[in-house]
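What follows is a single structure, written as structure tokens, with notes after it.
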Amino acid sequence: MAYDFAAIEPKWQELWESEGVFHVTEDESRPKFYNVQMYPYPSGELHMGHLRNYTYVDLLTRYHRMRGKNVLSPMGWDSFGLPAENAAIQTGVHPREFTERQIVTMKAQLRRLGAVYDWTRELASHTPEYYKWDQWLFLQLFERGLAYKKRARVNWCPKDQTVLANEQVVDGACERCGTVVVKRDLEQWFFKITDYADRLLNDLATLTEWPERVRVMQENWIGRSEGCQFRMLVADTDLGFEVFTTRPDTVFGMTFAVLAPEHPLVEQLMTGSDTESEARAYIERTARQSEIERLAEGDKSGVFTGRFAIDPVNGRQVPIYIANYVLMGYGTGAIMAVPGQDDRDWEFAEKYGLEIIRTVEPPPDWTGKAYTGDGPAINSDFLDGLDMSEAKKRIIAWFEEQGIGRGTIQYRLRDWLISRQRYWGSPIPIIICPRDGLVPVPEDQLPVVHPDVKDYAPQGRSPLASVPEFVNVECPKCGGPAERETDTMDTFVDSSWYYLRYCDPHNESRIFDPAAVRYWMPVDQYVGGVEHAVLHLLYARFITKVLHDMGLVDVEEPFARLFTQGMLVKDGAKMSKSKGNVVSPDRYYTRYGADAIRLFELFIGPPTDDAIWNDNGVEGTFRFLDRVWRMGTGEIGRVADRDENPGDREVLAVTHRTVKKVTEDIDRFHFNTAVAALMGLANSLIDYLNSDEGGRRATFDEAFRLMILMMAPMAPHMTHELWERSGRGGMLAVEAWPEWDPTLVRQETVTMIIQVNGKVRDRIEVAADIDAVEAEKVALESAKVKAHLDGKKIEKVVVRPPNLVNVVVR
RNA sequence: GCGGGCGUAGCCGAAUUGGCACAGGCGCCAGACUUAGGAUCUGGUGGGUUCGCCCAAUGUGGGUUCGAGUCCCACCGCCCGCACCA
């Protein structure tokens with residue numbers, strides 16, 4: 001009788017839910033395990049690539065539950081965002097209706113996979129119960145000066161008609177839709193993440209259970225540079241500007257200075273200079289370019305302003321240029337150019353015929369252009385002879401004595417731009433009063449709920465702005481007429497704290513109960529895609545630190561262990577709807593069932609690596625399951641009630657070794673080899689049942705019991721059914737994970753390999769506790785070994801009992 | 001350019017510590033069962049072989065070591081991230 005998954009799967013899915021098997025509360029008597037997957041956008045249809053992640057998380061939930069932990073595995077929805085809004089623009093369906101339909105679909109798909117969660121804690125960021133606390137959080141940041149509004153040059157996506165955070169601009173294009181982003185000067189809301197730059201950077205060192213790759217990406221993104229900022233004066237004027245450099249030791253080599261085209265001083269410098277018209281033409285050209293065009297241009301270009309700056313260390317006058325290779329967004333938007341020690345300055349100096357002075361002695365064999373390495377300072381007055389770090393200290397001290405500069409630390413990280421000119425997000429709870437300025441919405445008036453609008457289409461401002469009843473309010477302070485802020489928050493604000501809300505999801509009076517958070521946090525295992533390395537993962541760390549500083553959260557870091565899974569690749573691209581290469585699980589559910597799909601997802605390759613979709617893979621894991629099923633139902637081989645013999649004991653030994661292997665593999669996230677080990681065990685058990693004398697009933701039952709326990713987190717439906725049919729009682733999901741018996745795992749005899757000059761010449765079964773003397777004796781007595789020793793002199797015998805003897809001869 | 005990672009069979013991959021290279025799966029070949037097989041089962045799947053074994057092999061070249069897929073150096077190729085960040 002074949003495995004009837006179509007009948008068995010719904011039965012168990014129903015039972016896991018109705019019995020509340022995975023519903024948990026705080027319980028000090030058991031170790032907790034907080035298992036979270038980055039909550040998904042409810043996109044509706046799940047494809048095989050998605051199922052990979054859900055299977056991993058579900059495996060961990062079930063495994064740690066069997067290990068006796070109090071496992072919290074919640075699920076929720078990152079349900080604000082553009083897809084629902086774009087659908088609304090096209091079809092007129094309210095984003096809420098669209099979103100909630102998608103959630104229903106997606107829940108059914110998770111259930112179909114057999115994924116279990118504590119559904120009592122389900123949350124969705126588009127619900128007022130949730131985004132009320134987004135708004136509350138915003139107000140906390142506002143009160144602490146960590147949320148502010150300012151006019152700034154920001155990234156604007158012309159297609160989505162909204163601003164974007166720096167983190168959401170990838171290669172100069174909108175992360176969502178791929179449209180080239182343009183710069184606009186707009187008044188926008190920011191979170192002051194830069195105040196936390198040093199802590200976000202330093203605490204990366206504590207995240208030892210995070211992938212190196214992600215830590216490095218965050219480190220680079222935060223981009224700490226130690227250096228020096230000092231003031232330069234413009235000759236024959238009363239103007240001046242600040243420059244930032246990481247190489248103040250090379251200041252004597254400055255032969256020109258460069259300002260970014262957007263630098264505020266540029267206008268004054270150009271006006272009335274000899275080269276004014278030329279400079280204006282250049283600025284106009286570069287200003288029109290998007291960043292991508294500037295990059296694509298590749299070549300450095302610039303124009304002389306007609307003015308000179310005074311080098312503070314030696315009084316020399318150096319020309320001031322405007323050039324495209326200096327960015328307004330970093331440092332002070334102005335640099336001292338030292339072509340002798342900087343590749344970019346060298347390139348520019350060569351192009352425009354500017355002087356080059358070396359101030360660091362390159363090595364004698366140096367053939368390159370600019371020399372950026374260490375070496376004794378030359379042509380540098382009182383710095384001569386000092387190495388880089390000494391010279392830096394000395395010159396910074398000198399700047400400080402003179403009162404014109406100081407040592408500083410620059411970060412590449414910019415403040416997080418969180419306002420969006422879109423409808424389907426959490427409204428920013430601020431009222432703009434002509435008298436009192438920016439006034440927080442009083443807490444008892446939260447949440448600020450979306451009004452319905454006629455038109456969701458973006459018009460360069462939030463659709464909320466077209467609803468007068470929403471916009472026009474009384475100022476909470478003075479009672480006079482005022483207007484609401486109409487921008488909504490970046491959805492990354494919602495996702496920066498949802499894992500805290502899971503701990504106490506229905507609290508109506510507080511964002512969460514700190515006691516519940518104290519019990520569950522930090523997240524023990526966080527699972528998600530590496531694409532969030534500098535987005536969500538950075539924001540969440542920031543918000544956790546803010547809440548920590550507010551005394552609401554004990555931990556400084558939210559995610560103790562991070563696992564970033566690989567993608568599923570098909571036709572050379574990540575499986576995704578937009579690429580049109582998705583494989584729907586439907587036909588695999590119908591033909592092979594959920595467990596075969598789960599096993600395939602686990603078996604397809606190392607979880608951290610991208611895996612290539614293979615049409616036959618699910619069939620392979622189904623064959624394995626089907627064999628296990630037929631073993632369990634007595635359709636394969638033969639069992640007998642007979643006395644035990646050494647072969648029976650060996651079957652148990654193999655089983656216990658598999659328990660050890662599978663346990664260790666799951667603990668180190670080698671799910672693919674854990675499945676392989678179970679396939680190997682199944683093959684061994686089949687051989688055992690097919691042997692001449694058949695299997696001994698008691699032995700087989702025990703081995704099979706252990707195999708079912710190990711497979712329970714991987715293929716839960718079939719194993720639950722087999723467990724129930726075995727008449728053991730109880731639900732498999734809450735059975736204890738098996739322990740291996742060390743005496744069975746231990747090999748009594750071991751195959752010792754004997755090498756001559758590193759080549760294997762013989763294999764001999766020896767006692768596992770053989771000593772070195774005996775091992776050497778056995779090895780040298782081997783006839784096969786002797787044949788290779790013939791007429792040669794033994795130089796040395798390397799003995800590593802009980803595994804290896806290597807005879808070195810000449 | 002800087003940073004992170006990878007390269008093992010026809011394909012996906014295994015090899016926690018330097019110690020039998022290739023577990024497990026896919027595909028393919030042969031056989032069994034069968035009216036039939038795209039089901040299932042058994043065996044095989046680098047080369048040579050006198051069937052005892054022998055030889056070759058982890059991108060390329062070198063090094064360390066009794067011993068290297070693993071460590072070191074150089075090179076080739078691929079993937080990812082950041083990128084005119086001063």
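In what follows, chains are A, B, ... by sequence order, proteins preceding strands, each numbered from 1.
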*For rA23(B) and rC73(B), measure between their C1' atoms and round to the nearest Å.*
33 Å

*asked:* Under 4.0 Å, counting only non-hydrogen atoms across every strand here, what does Arg627(A) touch: a base, just sugar-phosphate, or nothing?
replied: sugar-phosphate

*If we take the C1' atom in both rG62(B) and rG81(B), what is their distance in whole Å?*
32 Å

*Between Arg247(A) and Lys392(A), is there a donor-acceptor pair closer than 3.5 Å when you use the side chain of the first and the backbone of the second?*
no

*With a 4.0 Å cut-off on heavy atoms, is Pro606(A) in touch with a base, just the backbone sugar-phosphate, or nothing at all?*
sugar-phosphate

_Within the 4.0 Å heavy-atom criterion, would you say Asn806(A) contacts the bases, only the backbone, or no part of the nucleic acid?_
base

*asked:* Distance alone, cut at 3.5 Å: any donor-acceptor contact between the side chains of Asp198(A) and Tyr411(A)?
replied: no

*Whole-Å P distance, rA9(B) and rG1(B)*: 29 Å

*Looking only at side-chain atoms of His788(A), point me to the closest of rA86(B), rC54(B), rC82(B).*
rC54(B)

*With a 4.0 Å cut-off on heavy atoms, is Arg215(A) in touch with a base, just the backbone sugar-phosphate, or nothing at all?*
nothing

*Once you round it to whole Å, what is the distance between C1' of rA15(B) and CD1 of Ile753(A)?*
14 Å

*Any side-chain N or O of His670(A) less than 4.0 Å from the OP1 or OP2 oxygen of rG13(B)?*
no

*Rounded to the Å, how far apart are Asn757(A) CG and rC55(B) P?*
12 Å

_What is the separation between atom CG on Leu538(A) and atom C1' on rC82(B), rounded to the nearest whole Å?_
14 Å

*For Gly620(A), which contact category applies under a 4.0 Å heavy-atom criterion: base, sugar-phosphate, or nothing?*
sugar-phosphate

_Need the glycosidic conformation of rG46(B): syn if within 90° of 0, anti if not. Which one?_
anti

*Opposite nucleotide pairing with rA56(B), Watson-Crick or G-U, both atom distances under 3.5 Å*: none

_Measuring from the side chain of Thr246(A) (C-beta onward, heavy atoms only), which nucleotide among rA86(B), rC20(B), rG4(B) has the closest atom?_
rA86(B)

*Is a side-chain donor-acceptor pair under 3.5 Å present for Tyr282(A) with Ser301(A)?*
yes

*Is the shortest side-chain N/O distance from Arg213(A) to OP1 or OP2 of rC6(B) below 4.0 Å?*
no

*Could you check whether Glu795(A) gets within reach of a base, just the sugar-phosphate, or nothing at all, counting any heavy atom under 4.0 Å?*
nothing

_No-H, no-angle donor-acceptor pair, Lys300(A) side chain to rC84(B) base, under 3.5 Å_ = yes

*Could you please name the option among rG4(B), rA83(B), rG19(B) that lies closest to any side-chain atom of Arg800(A)?*
rG19(B)

*asked:* I want to check one thing: is the phosphate of rA86(B), taken as OP1 and OP2, less than 4.0 Å away from some side-chain N or O of Ser225(A)?
replied: yes

*Toward the 5' end of RNA chain B, which comes first, Ile636(A) or Tyr325(A), by nearest nucleotide?*
Ile636(A)

*Could you check whether the rings of His536(A) and His532(A) sit parallel, tilted or perpendicular, using 30° and 60° as the cut-offs?*
perpendicular

*On a whole-Å scale, what distance lies between the P atoms belonging to rU58(B) and rG69(B)?*
7 Å

_Candidate nucleotides rG4(B), rG19(B), rG24(B), ranked by approach to the side chain of Ala676(A) - the nearest_ = rG24(B)

*Is rG24(B) paired to anything, Watson-Crick or G-U wobble with both distances less than 3.5 Å, and if yes, which nucleotide?*
rC12(B)

*What does Glu619(A) touch in the nucleic acid at a heavy-atom separation under 4.0 angstrom: a base, only the sugar-phosphate, or nothing?*
sugar-phosphate

*Among rG13(B), rG25(B), rU42(B), find the nucleotide with the atom closest to the side chain of Ile686(A).*
rU42(B)

*Should the pair Trp416(A) and Tyr539(A) be assigned to parallel (<30°), tilted (30 to 60°) or perpendicular (>60°) ring geometry?*
parallel

*Closest to side chain of Arg763(A), choosing from rC20(B), rG25(B), rU40(B)*: rC20(B)

*Please state how far atom CD in Gln755(A) lies from atom C1' in rA21(B), giving the value in whole angstrom units.*
12 Å

*Quick one: is Arg630(A) getting a side-chain N or O under 4.0 Å of the rC41(B) phosphate, OP1 or OP2?*
yes

*asked:* Heavy atoms only, 4.0 Å cut-off, all strands: where does Asp609(A) land among base, sugar-phosphate and nothing?
replied: nothing

*Is the phosphate of rC20(B), meaning OP1 or OP2, less than 4.0 Å from a side-chain N or O of Asn803(A)?*
no

*Between the side chains of Thr372(A) and Gln341(A), is a donor N or O closer than 3.5 angstrom to an acceptor N or O?*
no

_Nearest to the Val760(A) side chain among rA21(B), rG25(B), rC54(B), which nucleotide is it?_
rA21(B)

*Could you work out the separation of rG46(B) and rA21(B) based on their C1' atoms and round it to a whole Å?*
13 Å

*asked:* Under 4.0 Å from OP1 or OP2 of rC41(B): is there any side-chain N or O of Arg623(A) that close?
replied: no

*rG81(B) - base-pair partner by Watson-Crick or wobble geometry, distances under 3.5 Å*: rC2(B)

*Quick one: look up who rC33(B) pairs with, Watson-Crick or G-U, both distances under 3.5 Å, and put none if it's unpaired.*
none

*Select one nucleotide: of rU16(B), rG3(B), rA56(B), the one nearest the side-chain heavy atoms of Lys759(A).*
rA56(B)

*Considering only rG19(B), rA86(B), rG3(B), which nucleotide approaches the side chain of Val798(A) most closely?*
rG19(B)

*asked:* Give me the distance, rounded to whole Å, that separates rG52(B) from rG31(B) when you measure between the C1' atoms they each carry.
replied: 28 Å

*Honestly, is Lys300(A) close enough over Phe348(A), meaning NZ or CZ under 6.0 Å from the six-membered ring centre and within 45° of the axis?*
no

_Once you measure the plane-to-plane angle for Phe230(A) and Phe399(A), does it fall in the parallel (<30°), tilted (30-60°) or perpendicular (>60°) bin?_
parallel

*Looking at every strand, decide which applies to Ile604(A) at a 4.0 Å heavy-atom threshold: base, sugar-phosphate, or nothing.*
sugar-phosphate

*Any idea which of rA15(B), rC26(B), rC84(B) is nearest the Asn614(A) side chain?*
rC26(B)

*When you compare rU8(B) with rC78(B), how far apart are their C1' atoms, in angstrom units rounded to a whole number?*
16 Å

_rA14(B) versus rG61(B) - spacing of their P atoms, nearest Å_ = 25 Å

*asked:* For Arg761(A) and Arg668(A), find the nucleotide of RNA chain B closest to each by heavy atoms; which residue's nucleotide sits nearer the 5' end?
replied: Arg668(A)

*Are Leu681(A) and Thr655(A) close enough that some pair of their side-chain heavy atoms sits under 4.5 Å apart?*
yes

